[in-house]
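Read through the structure below, which is laid out as structure tokens, and then see the notes.
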Amino acid sequence: MNSNNPYYRRIDLPAGDLHVFAHDDLYHAMGAKVLEMANNNLQIPNIRYMSYTPDAHVGVGTCIGTTAVWGAEDGFVSPSIVGSDIGCGMRLHLTNLHVDELQEVKLRRKLVKAIEKRIPVENHARGYFSDIRLEDVLRKGLHGLPGKYVPDSYTPRKATSLTHVECSRFRYDESVLDRIPMPVWHRAHRQLGTLGNGNHFIEIQAISVNEDNRHIAERWGLQDGQVAVMVHSGSRSWGGAVNQHCGSEVAKTMSKLGLGTSDPKLVYAPLDSEAGQTYSNLMYSALNFAVANRHLMAFAVRDAFKETFGSQAETRTLYDLMHNYACEENHGEESFLVHRKGTTRALPAGHAGNPQPYAETGHPALIPGSMGTSSYLMVGSSEGARNYHSICHGAGRIRSRNATKQLVTVDEFASSLRIGQEDEIVVNHRGLESLIDESPQAYKDVDQIIESVVEARLATVVAKCRPLAAVKGV
DNA sequence: ATGTCC
């Protein structure tokens, strides 16, 4: 049944097979609840494949770390699998600065202040991009932004494939947008350019290249000691509103068709049903919002760099990709509907789904660590095809926010960020209490997660990104 | 993750 590889197992659940790509120890730490959830998901008709990455943990209805696949012809789409933070994902920008130029704590503080000035992180804050039409963003993503926000040095207008949303699809039946109530429109409009809270962040990092993949790093333009900007955010309240509206529509379709699983909260509809199409289209509007929002925040960070280090400071887009969505993809000769909930696509060199600039190397897969720990730039391997080229999306939570607050003291958290030392990771909040639930102890060890992904032969490491400063919402 | 309501 199971192979001898300690990094992979197939689990024979009552409703079907679950594939787990994780070291035995990580698998055993996941607990029984994740198997129950997998079994519920596997009860959805026509499902072809389901797997967990090593960072899998319990979510609402579906585990974070799930890849669930249907055939495109007889597929079911599930708002419960995608979740409410539709389009949540990562963006990485490369700067022309070296880490030595940020050596002084004072300078990192100045940079963080300059970022804070441009990107509100408070709960009900208004973003600074009110001159942008929300409808244009929802319909066209980056193409809906005024030209001044898309300078060629930053993301060439023609290289929209640097965001994998637009690489797949961004035009759809626009009449569905009218289904979302006006108050939600207004809220989403004022949220353009805001970070959100929870695990979302903007981080300044220093790159170190993995020797084994130096040839790929060079093709991507990465250098040792290079300063990078990583943005982790989603579709703010727009995605939640889409999830809520479609959730009830999809549930109605289910009762009409007499469908259901052991979990009444797990909703899904045939992709070609009206409810399925409405969801699919509105989901794309949320993907467009999310990618444009990350772009705008990275644009604001670019401005903050110029203010802090002079006008010659520049940042350019390496890549933007999501880990919460459902999308039609070609694998081999066939077309599939792939759901990724807290998993990252990592295509290998030569795969036709790669955006043009990365056709020969595979595209960068951006994997964040927890606060204070390194993030990774990965590239997919051809063996990753067995998992539809899905890898982990981060460290993965091991304890709840409340449990973390009980366990970790402010002092312990501060020392994990080396606060007060020369190499302190500068955080925008002076009081760290409100961020304790994001401390490294709330998460698995990202190095172990990456080891599992590498040993399961799904992807390899191209570079590691060490945090220098972080901006978080509360 | 989010906004809202007690």
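If you're wondering where the values come from, they're calculated on a predicted model, not measured in any experiment.
In this structure, the CE atom of A:Met90 is 15 Å from the C1' atom of B:dA1, given to the nearest Å. Atom NE2 in A:His245 sits about 19 Å away from atom P in B:dG3, given to the nearest Å. Distance A:Phe201 CZ to B:dA1 P: 12 Å, rounded to the nearest Å. Taking atom NE2 of A:His232 as the reference point, atom C1' of B:dA1 lies 10 Å away to the nearest angstrom. A:Tyr325 places its OH atom 19 Å from the P atom of B:dA1, with the value rounded to the nearest Å. Put simply, CD on A:Gln244 is 10 Å from C1' on B:dT2, counting in whole angstrom units. In this entry the distance linking CG of A:Leu195 with C1' of B:dA1 reads 12 Å, nearest Å. Look at CG on A:Asp437: it is 9 Å from P on B:dA1, rounded to the nearest Å.
Among the protein residues, A:Gly196 comes within range of the sugar-phosphate backbone only, with heavy atoms under 4.0 Å from sugar or phosphate atoms but none that close to a base. Among the protein residues, A:Ser237 comes within range of the sugar-phosphate backbone only, with heavy atoms under 4.0 Å from sugar or phosphate atoms but none that close to a base. Residue A:Gly240 is classed as having no contact, given no heavy-atom separation below 4.0 Å to the nucleic acid.
Salt bridge A:Lys252/A:Glu274: absent, no basic N to carboxylate O contact under 4.0 Å. Comment: A:Glu116 does not engage A:Lys113 in a salt bridge, judged by the lack of any side-chain N to carboxylate O separation of less than 4.0 angstrom. Using a 4.0 Å cut-off between charged nitrogen and carboxylate oxygen, A:Glu424 and A:Arg109 count as a salt-bridge pair. Contact check on A:Glu307 versus A:Lys117 returns a salt bridge, with a Lys/Arg side-chain nitrogen under 4.0 Å from an Asp/Glu carboxylate oxygen.
If A:Val60 and A:Arg187 are placed on DNA chain B by their nearest nucleotide, the residue sitting closer to the 5' end is A:Val60.
Phosphate contact (OP1/OP2 of B:dA1, side-chain N/O of A:Arg236, threshold under 4.0 Å): absent. Between A:His124 and B:dT2 there is no side-chain polar atom (N or O) within less than 4.0 angstrom of OP1 or OP2. Under 4.0 angstrom from either OP1 or OP2 of B:dT2 there lies no side-chain N or O belonging to A:Asn123. For A:Arg401, a side-chain nitrogen or oxygen approaches OP1 or OP2 of B:dA1 to under 4.0 Å.
In this model, no donor atom of one side chain and acceptor atom of the other lie less than 3.5 Å apart for A:His19 and A:Tyr49.
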